[in-house]
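Heavy atoms only: backbone and side chains are in, while hydrogens, waters and symmetry mates are out.
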Amino acid sequence: MLDDPESAAIFDFDEIADHLLEQGAEVSPAEIHGCLSGLLAGGAVAESEYGLHAMSVALGLEVYGELAELVMRLYVATGAALADEEFEFYPLLPDDDVTVAARAAATAGWCRGFLAGVAHVVEGDGQWSAEGREALEDIAELTRAEVGDDEAEEDADRSLVEIVEYLRFAVLNLFAEREPAVVGSRGADPTLH
């Protein structure tokens with residue numbers, strides 16, 4: 001998620017995947033992080049309990065124990081990364097040693113989660129600028145990301161790197177567009193939806 005080896009170690013994709021497997025959840029760490037990112041980009045407050053509750057509602061997923069604590073920490077860290085002036089926000093996706101097809105599938109899941117998070121806090125698309133609506137449409141298209149049968153591994157990998165970089169800045173721009181709402185009460189009461 002973050003371009004900082006220390007921070008990245010705190011939020012290990014495989015560790016979160018193991019927790020999800022233990023709890024019988026049929027969602028990936030990428031989809032969870034996408035949802036948390038979407039909540040924040042939609043203008044939700046960066047309070048850990050709110051993030052856990054809103055993610056549970058948006059994804060229809062109840063988590064508990066260590067995983068719940070991890071999700072709450074991830075939500076707060078994601079909010080900090082999105083607000084960071086150094087653009088340190090990165091989607092939480094599998095490492096490069098995973099096949100490009102698996103990384104493309106995770107990217108598509110991340111985008112699905114992101115849209116679910118945004119939809120949880122934003123009603124309709126009229127509240128976005130034209131650029132914001134276009135970015136959301138692009139992210140919706142990326143929910144179908146996959147590697148073509150005839151695409152060479154190296155070309156697919158290069159394309160995926162470009163897609164993730166575009167996605168990263170699209171999310172940062174969407175967050176910047178809605179950021180003033182974070183200061184207000186939006187999302188402060190998780191029962192108001």
Requested in this report: Applying side-chain contact (heavy atoms from CB on, under 4.5 Å), run through Ile139 and Val171 and close with a yes or a no.
Outcome: CA-CA 9 Å; Ile139 292 170; Val171 172; 4.3 Å; yes

Query raised in the report: Should Glu134 and Asp138 count as side-chain neighbours, where that means a heavy-atom distance under 4.5 Å?
Result: yes

Query raised in the report: Should the heavy atoms of other residues, nucleotides or ligands under 6.0 Å from CZ of Phe87 be counted, would the total exceed 12?
Result: no

Query - Heavy-atom pair of closest approach, residues Tyr50 and Ala44 - result: CE2-CB, 3.3 Å

**Report entry** Rounded distance (nearest 0.5 Å) linking atom CZ of Arg103 with atom CD1 of Ile163
**Finding:** 11.0 Å

Report summary line: Looking only at heavy atoms, the pair that brings Leu36 and Met55 closest together is CD2-CB, 3.8 Å

Query raised in the report: Which residues pass the side chain to side chain contact (heavy atoms under 4.5 Å, CB included) test with Ala102, sequence neighbours left out?
Result: Val98, Thr99

Report task. Tell me whether Leu92 is reachable from Phe169 by hopping between hydrophobic residues (I, L, V, M, F, W, Y) whose side-chain heavy atoms are closer than 4.5 Å. Result -> yes

Report summary line: OH (Tyr64) and OG (Ser56) are apart, to the nearest 0.5 Å, by 12.5 Å

Could you pull out all donor-acceptor pairs under 3.5 Å where a side-chain atom in residues 108-118 meets a protein atom, sequence neighbours excluded?
unit_1 : atom_1 : unit_2 : atom_2 : d
Trp110 : NE1    : His33  : ND1    : 2.9
Arg112 : NH1    : Thr143 : O      : 3.3

Report summary line: In short, Phe11 meets Ala77 closest at the heavy-atom pair CE1-CB, 3.6 Å

Query raised in the report: Hey, which of Asp155, Val147, Thr107 is the one that makes side chain to side chain contact (heavy atoms under 4.5 Å, CB included) with Leu160?
Result: Thr107

Report summary line: Closest non-hydrogen contact found for Leu172 with Leu82 is CD2-O, 3.7 Å

**Report entry** Main-chain N/O of Asp97 paired to Asp95 side chain as donor or acceptor, under 3.5 Å
**Finding:** no

Query - Gap between atom CD1 of Ile32 and atom OH of Tyr75 - 0.5 Å precision - result: 14.0 Å

Requested in this report: Just jot down the side-chain hydrogen bond (donor to acceptor under 3.5 Å, both in side chains) partners of Glu69, sequence neighbours excluded, or say none.
Outcome: none

Query - Atom pair CG/CD of Leu70 and Glu15 - distance to nearest 0.5 Å - result: 5.5 Å

Report summary line: For Val76 and Ala46, the nearest pair of non-hydrogen atoms, with its separation, is CG2-O, 3.9 Å

Requested in this report: Please report the closest heavy-atom contact between Arg178 and Ala41, naming both atoms and the distance.
Outcome: CG-O, 2.9 Å

**Report entry** Test: Arg168 cationic atom under 6.0 Å from Phe89 six-membered ring centre, within 45° of axis
**Finding:** no

Report task. For atom CD of Glu165, decide whether the heavy atoms of other residues, nucleotides or ligands shown that lie under 6.0 angstrom number more than 12. Result -> yes

**Report entry** CG on Asn173 to OG on Ser129, rounded to 0.5 Å
**Finding:** 9.0 Å

Report task. Find the distance between CH2 (Trp128) and CG (Leu136) and round it off to the nearest 0.5 Å. Result -> 5.5 Å

